[in-house]
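Just so it is clear, the values below take in all heavy atoms, side chains as well, and ignore hydrogens, waters and symmetry mates.
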Amino acid sequence: MNKYTVIHVSDVQLTPPLPTAGTAAVANLQLVFDDIANQGTQPDLIVIGGDLIQRGSEADYRWLRTYLTQQSERLNAPIQVILGDQDNRDAFNAGYLGQAARPYYAYKQNHQNMDFYFLDSKWETRRSAGWLVRDQLDWLNKSLHLAPRRRAFIFLHHPLDAPALRNLRYTLLQNNRELLAILHGHNVGGIFAGHLHFAANYLVDNTLPVTVAGAASTYIDCRDPHQHEVHVAVSYNVITIERGIASVTVRPLRFDPVVQAVIPVGNTGFTKHRPRLLRPRRA
């Protein structure tokens with residue numbers, strides 16, 4: 001297998017209405033695209049990993065589609081997107097996809113003997129935490145079983161739980177066990193997430209590597225569990241896959257040491273009210 005390069009950008013958080021009110025955020029994203037071009041990196045794939053627009057409108061997502069198409073043509077690489085907690089699903093469906101309402105946006109693409117899965121962890125009833133609905137998990141399970149020998153790489157917005165992220169459980173993916181039960185035993189080469197606004201690397205289920213990308217908008221210092229400090233920052237990840245093994249390097253482009261805001265956090269544990277994953281009984 002030849003080397004395959006993926007650019008992973010997360011948490012762009014463009015500010016509507018676009019492009020007029022989102023000049024600074026668009027400039028941060030443009031900084032990423034310009035750096036890719038200037039570095040001479042020829043990516044095979046670019047993934048924008050959720051939190052595309054902060055509660056954007058249909059027109060905002062239509063503008064984003066046009067903008068990303070231009071960047072894709074400039075860099076000669078396809079750009080795939082997934083949804084994050086701050087995205088507006090209905091506006092995305094209508095403006096970006098040009099389609100009617102759909103319950104989630106999950107899909108896959110393949111390259112040689114690799115499958116790339118893009119999951120939708122946006123939980124409609126919660127502002128921050130992530131959730132994968134039953135139908136999406138069933139689709140993933142079926143897809144993995146149909147291609148057991150292909151190397152699978154999973155992208156989603158919300159990271160999975162880990163001991164080092166214990167104080168962030170309120171905002172992580174809430175049904176970790178259900179996802180891991182599906183992935184267990186399959187040929188998974190890595191899980192890639194965002195959402196935290198800082199980089200992290202860890203193992204889940206003893207063998208599955210999880211890589212969390214920093215943000216293209218801010219860095220959030222979460223060392224104090226109840227007072228998270230926000231800095232303006234821009235970074236992205238370069239994922240290099242060779243012979244089914246993924247290695248990741250971080251490209252930091254900007255960091256402002258001045259604290260822009262402080263996010264107060266109350267309960268740091270998992271959310272108490274979770275939807276049921278049981279399938280409905282047939283009559």
Side-chain angles (χ1 to χ4, degrees), residues 1-8 10 44-50 78-85 89 97 102-123 129-162 165 172-195 200-213 237 239-248 274-280 282:
M1 184 193 303
N2 296 327
K3 182 174 68 174
Y4 192 84
T5 302
V6 182
I7 300 295
H8 186 198
S10 194
D44 297 287
L45 174 66
I46 299 172
V47 180
I48 312 293
I79 298 179
Q80 303 292 341
V81 302
I82 56 179
L83 293 181
D85 52 285
R89 190 189 303 281
L97 300 179
R102 55 195 298 176
Y104 58 87
Y105 181 54
Y107 58 103
K108 79 169 184 175
Q109 69 173 49
N110 57 64
H111 176 78
Q112 296 181 355
N113 62 339
M114 299 183 295
D115 286 332
F116 295 88
Y117 290 88
F118 305 94
L119 305 183
D120 183 347
S121 60
K122 176 178 172 59
W123 186 3
W131 185 263
L132 296 171
V133 298
R134 176 80 270 169
D135 287 349
Q136 184 177 180
L137 290 171
D138 288 345
W139 165 79
L140 176 63
N141 188 36
K142 180 179 179 181
S143 298
L144 289 170
H145 274 94
L146 288 174
R149 296 185 179 181
R150 298 177 64 85
R151 191 71 156 168
F153 297 92
I154 312 293
F155 287 83
L156 74 167
H157 183 66
H158 292 83
L160 280 70
D161 184 33
L165 302 179
L172 302 178
L173 183 70
Q174 300 297 294
N175 51 341
N176 295 270
R177 292 180 179 178
E178 290 84 356
L179 176 60
L180 289 176
I182 289 172
L183 299 181
H184 183 75
H186 285 287
N187 188 17
V188 179
I191 301 171
F192 302 93
H195 185 56
N201 294 279
Y202 53 94
L203 291 177
V204 293
D205 202 25
N206 293 322
T207 57
L208 294 178
V210 178
T211 301
V212 181
N237 282 3
I239 306 167
T240 303
I241 304 172
E242 196 163 7
R243 296 184 179 181
I245 305 299
S247 58
V248 181
R274 305 173 357 138
R276 300 181 66 186
L277 273 173
L278 297 178
R279 298 177 181 86
R282 295 182 180 179

(message) I'd like to check L140 versus L179 (side-chain heavy atoms, cut-off strictly below 4.5 Å). Are they in contact?
(response) yes
(request) Check whether any side-chain heavy atom of Y117 sits under 4.5 Å from a side-chain heavy atom of W139, and report yes or no. (result) yes
(request) Using atom types as modelled and distance alone, determine if a side-chain donor or acceptor of N237 lies under 3.5 Å from a backbone N or O of H8. (result) no
(request) For V81 and Y105, work out which heavy atoms get closest and say how close. (result) O-CE2, 3.5 Å
(request) Would you tell me whether Q80 and Y107 have side-chain atoms, one donor and one acceptor, within less than 3.5 Å of each other? (result) yes
(message) Let me confirm one number: the CD1-CZ distance from I48 to F118, rounded to the nearest 0.5 Å.
(response) 11.0 Å
(request) Kindly state whether the ring of F116 and the ring of Y4 have centres lying under 6.0 angstrom apart. (result) yes
(request) Sort and list the pairs that fulfil salt bridge (charged side-chain N to carboxylate O under 4.0 Å, His left out) and have at least one residue in residues 110-121, not counting sequence neighbours. (result) R89-D120, K108-D115, D115-R150
(request) Answer whether the closest heavy-atom distance between the side chains of T240 and K3 falls below 4.5 Å. (result) yes
(message) Are N175 and L137 packed together at the side-chain level, in the sense that at least one heavy-atom pair is separated by less than 4.5 angstrom?
(response) yes
(request) Check the pair I182 / H145 against side-chain contact (heavy atoms from CB on, under 4.5 Å), numbers first and verdict last. (result) CA-CA 10 Å; I182 289 172; H145 274 94; over 6 Å; no
(request) May I ask you to check whether over 12 heavy atoms, not counting those of R102, lie within 6.0 Å of atom CZ? (result) yes
(message) Please check: side-chain N/O of H158 versus main-chain N/O of L172, any donor-acceptor pairing under 3.5 Å?
(response) no
(request) Output yes when K142 and D138 qualify as a salt bridge under the 4.0 Å nitrogen-oxygen rule, no when they do not. (result) no
(message) Do F155 and V6 make a side-chain contact, defined as non-hydrogen atoms from C-beta onward lying under 4.5 Å apart?
(response) yes
(message) Let's go through L132 and E178 carefully: what are the C-alpha distance in whole Å and the side-chain angles of both, what is the deciding distance for side-chain contact (heavy atoms from CB on, under 4.5 Å) to 0.1 Å, and is it a yes or a no?
(response) CA-CA 9 Å; L132 296 171; E178 290 84 356; over 6 Å; no
(message) Are D205 and L183 packed together at the side-chain level, in the sense that at least one heavy-atom pair is separated by less than 4.5 angstrom?
(response) no
